[in-house]
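Order of listing sets the numbers, starting from 1, for every ligand and every atom in it.
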Amino acid sequence: MKIKILHLFPDLLNLYGDKGNIECMRKRLVWRGIDAEVITHTCLDKKLDLSDIDIVFIGGGSDREQKIVCDKLLAYKKELKDYVENNGTLVAVCGGYQLLGKYYKLQDKTIEGLGILDIFTEQGKKRLIGNIVLESELIDDKIVGFENHGGRTYIGRHTPLGKVVYGYGNDEKTGYEGVVYKNVVATYLHGPLLPKNPALCDYILTNAVRRKKSGFIALEPLEDALEKTANEYIVNRFKRK
Ligand code: GLN
């Protein structure tokens, strides 16, 4: 069995090295003896075939890059929507998260999104920047990360990825962060999201392997002592006194 990971538009959407998340997924599969291959789809590629893809990753980008990439993404609207509805695993970070929704309204322009999630984003006055800690029903460990977004995302009836323990989250007000829908995990947490949160990485990988291999139950545990210590350190650092 081989798990194929597709990095969508790494040439435009890769703020803060979101790409490291792909390496983390690949390694955690390989360490368990599961073959993994990373494929990239850039602006220069013309056709998107998701028929044998197991995980799609869309990273974050500045407003400028999002404006450039949106038309290219919209050309694959049907492919991506069908993939998600067919339980394909998709991880979207920040700008990529916003583009899964109906639109991202900026002061001078509204960027049309893929409409895969029934959410929308509007640019706010100040940027929401800083460390963030979440509690999520998906995993036992807390999710730690870093957010930096001008957009406020309104998720309506969707299930959030987690409850904000420290930081801003989707819209600064509701106290929730991200969205989980079918096998989609969408979040504002940037950069080394998955290396910092190995349990979340395994949740994502498990969904992908289960879809590929019927009867598959769980991944073998890995020795994550160092990763867990780092995660707990951050959680304690930002614990509200
Ligand atoms: N440009 C978007 C915003 O500022 C997303 C930013 C990002 O991906 N960090 O809200």
Review point. When the ring planes of Tyr188 and His149 are compared, do they come out parallel, tilted or perpendicular, using 30° and 60° as the limits?
Key: parallel

Going by the angle between their ring planes, with limits at 30° and 60°, are Phe57 and His7 parallel, tilted or perpendicular? perpendicular

Given 3.5 Å as the limit, does a donor-acceptor pair link the side chain of Asp171 with the main chain of Lys173, or not?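 Pair found, side chain donor or acceptor close to backbone of Lys173.
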
*asked:* Applying salt bridge (Lys or Arg N to Asp or Glu O under 4.0 Å) to Arg28 and Asp224, what does each step give before you reach the verdict?
replied: CA-CA 11 Å; Arg28 293 182 72 83; Asp224 280 330; 2.7 Å; yes

Residues with a heavy atom under 4.0 Å from ligand 1, by chain and number, are Leu15, Gly60, Gly61, Ser62, Asp63, Gln66, Cys94, Gly95, Gln98, Tyr104, Arg127, Asn148, His149, Gly150, Gly151, His190

Under a side-chain separation threshold of 4.5 Å, the hydrophobic residues clustered together with Leu226 are none

Checklist line | Salt bridge Asp82-Lys78, side-chain N to carboxylate O under 4.0 Å | finding: yes

